[in-house]
Amino acid sequence: MPALRLDAAALPPELDELRRDVRAFLAEETAAGRIAPHADNWLAGWDPAFSRRLGERGWIGMTFPREYGGSGAGSLARFVVTEELLAAGAPVAAHWIADRQSGPSLLTFGTEEQRRAYLPGIARGEVHFAIGMSEPDSGSDLASVRTRAERADGGWTVNGAKVWTSGAHLAHAMIALVRTGPPGPSRHEGLTQLIVDLGAPGLEIRPIRLLTGEHHFNEVVLTDVFVPDDRVLGTVGDGWRQVTGELAFERSGPERILSTFPLLAAVAGRLAERGADAGDRARIGMVVARLWALRRMSLAVAARLAAGDAPATEAAAVKDLGTRFEGALIETVRLLARAEPDLASSDPLAHLLARSVLHSPGFTLRGGTNEILRGVVAKSVLPKGETR
């Protein structure tokens, strides 16, 4: 059985050279011992030096115009780069959120001053962002957020808490969804996005550790945190429209299906060494077929985003199906590997499997729980008022 790799199907052929360049770079980084493949490294693998090396090559901020430090290469070129980084299990967490969604949000809704303040640093891999959406008692129901921002002299005073904020203890800023006015009949009114300095007085970051003991999730508690007027993102009261557009970037990318790809690649290599029987081939064939279908869905959303659309429903479907796929993949690899997960094992596959198992409970938390995502999809396809 050959080693498992991604190919460039359904992407413009002119991106083939870019894919080869990224693979060659990753091979050099691995050979030099600067990186090693790990599952879930797009959230857990925080390596600012690696991010800066990517920035030097123009592989961060690829959707940003050149005037803001980007390459202007576009969403499909970024898809190629991120796909290869994820497939290699590279440590991309430091720049991931800023590049994926904070930067595009600043481009769409930010002021010229905000763009120039943040985008060039993001593109260099030097400025890192966190997401301030979910709350302790609200989860994925963003319309119910209770963090409040009240008018103050020259800005806003913010009180409340955000949870599951990956990388907040290391990031520079957080785009937070807060309530600045009454909810109205739909609950979607009165919401605003603020760019919050994560080193601001009154802000406390509390770690939420994984089962492995690793720390990338956090609770961010804001007590009378001041945010100046020039750090309001977009329009006061228009936060719901803005954040739903942002979620299309967050939920649809290849990270929703490739968090555990290094595990799949490792077990494919193991099968190549020992030989695969008919049952092994059938199992891995079903996994790859499912992965390929999800990849095409993710790529279709990327094309929509490149065209300026905000395909929120399609993105929700990718995230829901991708989360379930990644959980099923771990169990399939467990059968194929014929080894039990063990963090202390000298067997790289057993170690990688253990890390994947222990990270998997968090898969459904980031980007929205499966139940909320199915509600998003149902509301878009069922007639108003109908339930099934």
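The figures that follow rest on heavy atoms only: side chains count, while hydrogens, waters and symmetry mates do not. Counting begins at 1 with the first residue of the sequence. Owing to the predicted nature of the structure, the values given are computational and were not obtained by experimental measurement.
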Non-hydrogen side-chain atoms of [X] and [Y] separated by less than 4.5 Å:
X	Y	result
Leu106	Phe129	yes
Val267	Leu263	no
Trp156	Glu150	no
Arg115	Glu67	no
Asp230	Thr111	no
Leu343	Leu358	yes
Tyr68	Arg116	yes
Arg290	Thr332	no

Shortest non-hydrogen separation from [X] to [Y] and the atoms involved:
X	Y	result
Glu126	His172	O-CE1, 3.1 Å
Val178	Ala149	CG2-CB, 3.7 Å
Gly103	Phe64	CA-CZ, 3.7 Å
Ala130	Ala168	CB-CA, 4.0 Å
Gln242	Gly234	OE1-CA, 3.3 Å
Asp229	Arg151	OD1-NH1, 2.7 Å

Indicate if [X] and [Y] have the same hydrophobic cluster label, given that clusters are the connected sets of ILVMFWY residues with side-chain heavy-atom separations under 4.5 angstrom.
X	Y	result
Val225	Ile205	yes
Val221	Val227	no
Met133	Val196	no
Val81	Ile257	yes
Leu353	Phe325	yes

For the pair [X] (side chain) and [Y] (backbone), establish whether a donor and an acceptor sit closer than 3.5 Å, ignoring hydrogens and angles.
X	Y	result
Arg281	Ala276	yes
Glu326	Leu258	yes
Arg355	Ala39	yes
Thr108	Ser105	no
Thr192	Gly237	yes
Thr147	Ala161	yes
Asn159	Asp224	yes

I'd like to know whether Trp96 forms a side chain to side chain contact (heavy atoms under 4.5 Å, CB included) with Leu43, so could you lay out the CA-CA distance, the side-chain angles of the two residues, the decisive distance to 0.1 Å, and finally the verdict.
CA-CA 8 Å; Trp96 194 263; Leu43 276 184; 5.6 Å; no
Glu219 vs Lys162, test: salt bridge (charged side-chain N to carboxylate O under 4.0 Å, His left out). Steps then yes/no.
CA-CA 6 Å; Glu219 181 181 13; Lys162 296 294 177 179; over 6 Å; no
Residues Arg231, Glu113; criterion salt bridge (charged side-chain N to carboxylate O under 4.0 Å, His left out); working and verdict
CA-CA 10 Å; Arg231 289 299 175 261; Glu113 185 275 331; 2.7 Å; yes
So which of Leu299, Thr82, Leu294, Val318 actually passes side-chain contact (heavy atoms from CB on, under 4.5 Å) with Pro254?
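Running side-chain contact (heavy atoms from CB on, under 4.5 Å) over Leu299, Thr82, Leu294, Val318 with Pro254 returns exactly one hit, Thr82.
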Name the residue from Ile131, Leu198, Ile195 that meets the side-chain contact (heavy atoms from CB on, under 4.5 Å) definition with Met174.
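Among the candidates, only Leu198 passes.
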Going from [atom1] on [X] to [atom2] on [Y], what distance comes out if it is rounded to the nearest 0.5 angstrom?
X	Y	atom1	atom2	answer
Arg179	Glu135	CZ	CD	9.5 Å
Asp16	Asp21	CG	CG	11.0 Å
Leu352	Asp342	CG	CG	12.5 Å
Glu255	Arg100	CD	CZ	5.0 Å
Leu18	Arg23	CG	CZ	11.0 Å

Does a side chain donor of either Glu204 or Thr223 reach within less than 3.5 Å of an acceptor in the other side chain?
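No, no side-chain donor-acceptor contact under 3.5 Å.
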Will you find, in the side chains of Trp164 and Asn218, an N or O donor that is under 3.5 Å from an N or O acceptor?
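Per modelled atom types, Trp164 and Asn218 side chains form no pair under 3.5 Å.
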Please evaluate residues Arg241 and Phe109 with respect to the criterion side chain to side chain contact (heavy atoms under 4.5 Å, CB included), reporting the C-alpha separation (whole Å), side-chain torsions for both, the decisive distance (0.1 Å), and the verdict.
CA-CA 11 Å; Arg241 181 182 67 87; Phe109 303 113; 3.8 Å; yes
Hey, mind stepping through Asp47 and Arg52 against salt bridge (charged side-chain N to carboxylate O under 4.0 Å, His left out) and telling me if it holds?
CA-CA 9 Å; Asp47 187 342; Arg52 288 194 295 271; over 6 Å; no
With a 4.0 Å cut-off on N to O distance, would you call Glu331 and Arg334 a salt bridge?
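Yes, this pair counts.
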Between Leu271 and Ile284, does the side chain to side chain contact (heavy atoms under 4.5 Å, CB included) criterion hold? Intermediate values first, please.
CA-CA 10 Å; Leu271 291 175; Ile284 205 162; 4.0 Å; yes
Answer yes or no: are there more than 12 heavy-atom neighbours, outside Glu112 itself, under 6.0 Å from its atom CD?
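Counting neighbours around CD of Glu112, more than 12 heavy atoms of other residues, nucleotides or ligands fall under 6.0 Å, so yes.
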Tell me whether the count of non-hydrogen atoms from other residues, nucleotides or ligands lying under 6.0 Å of CG in Asp153 goes above 12.
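No.
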For Glu56, all residues meeting salt bridge (charged side-chain N to carboxylate O under 4.0 Å, His left out), sequence neighbours excluded:
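So Glu56 forms no salt bridge (charged side-chain N to carboxylate O under 4.0 Å, His left out) with any residue.
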Given the rule in the side chain to side chain contact (heavy atoms under 4.5 Å, CB included) test, do Leu336 and Val287 qualify, once you have shown the distances and angles that lead to the verdict?
CA-CA 11 Å; Leu336 291 169; Val287 166; 5.9 Å; no
Output, in order, the C-alpha distance, side-chain angles, deciding distance and verdict of salt bridge (charged side-chain N to carboxylate O under 4.0 Å, His left out) for Asp99 and Arg78.
CA-CA 10 Å; Asp99 180 55; Arg78 180 184 180 274; 2.8 Å; yes
Parallel, tilted or perpendicular: ring planes of Phe25 versus Trp59, cut at 30 and 60 degrees
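Taking Trp59 first and then Phe25, their aromatic rings stand perpendicular (interplane angle over 60°).
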Assign the ring pair His128 / Trp46 to parallel, tilted or perpendicular, where the plane angle (0 to 90°) is split at 30° and 60°.
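Ring orientation, 0 to 90° scale: perpendicular.
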Which residues pass the side chain to side chain contact (heavy atoms under 4.5 Å, CB included) test with Arg304, sequence neighbours left out?
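Side chain to side chain contact (heavy atoms under 4.5 Å, CB included) list for Arg304, sorted by chain: Asp309, Pro311, Glu314.
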Pairs satisfying salt bridge (Lys or Arg N to Asp or Glu O under 4.0 Å), at least one member in residues 88-98, at least two apart
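Counting only pairs at least two positions apart or across chains, no salt bridge (Lys or Arg N to Asp or Glu O under 4.0 Å) contact touches residues 88-98.
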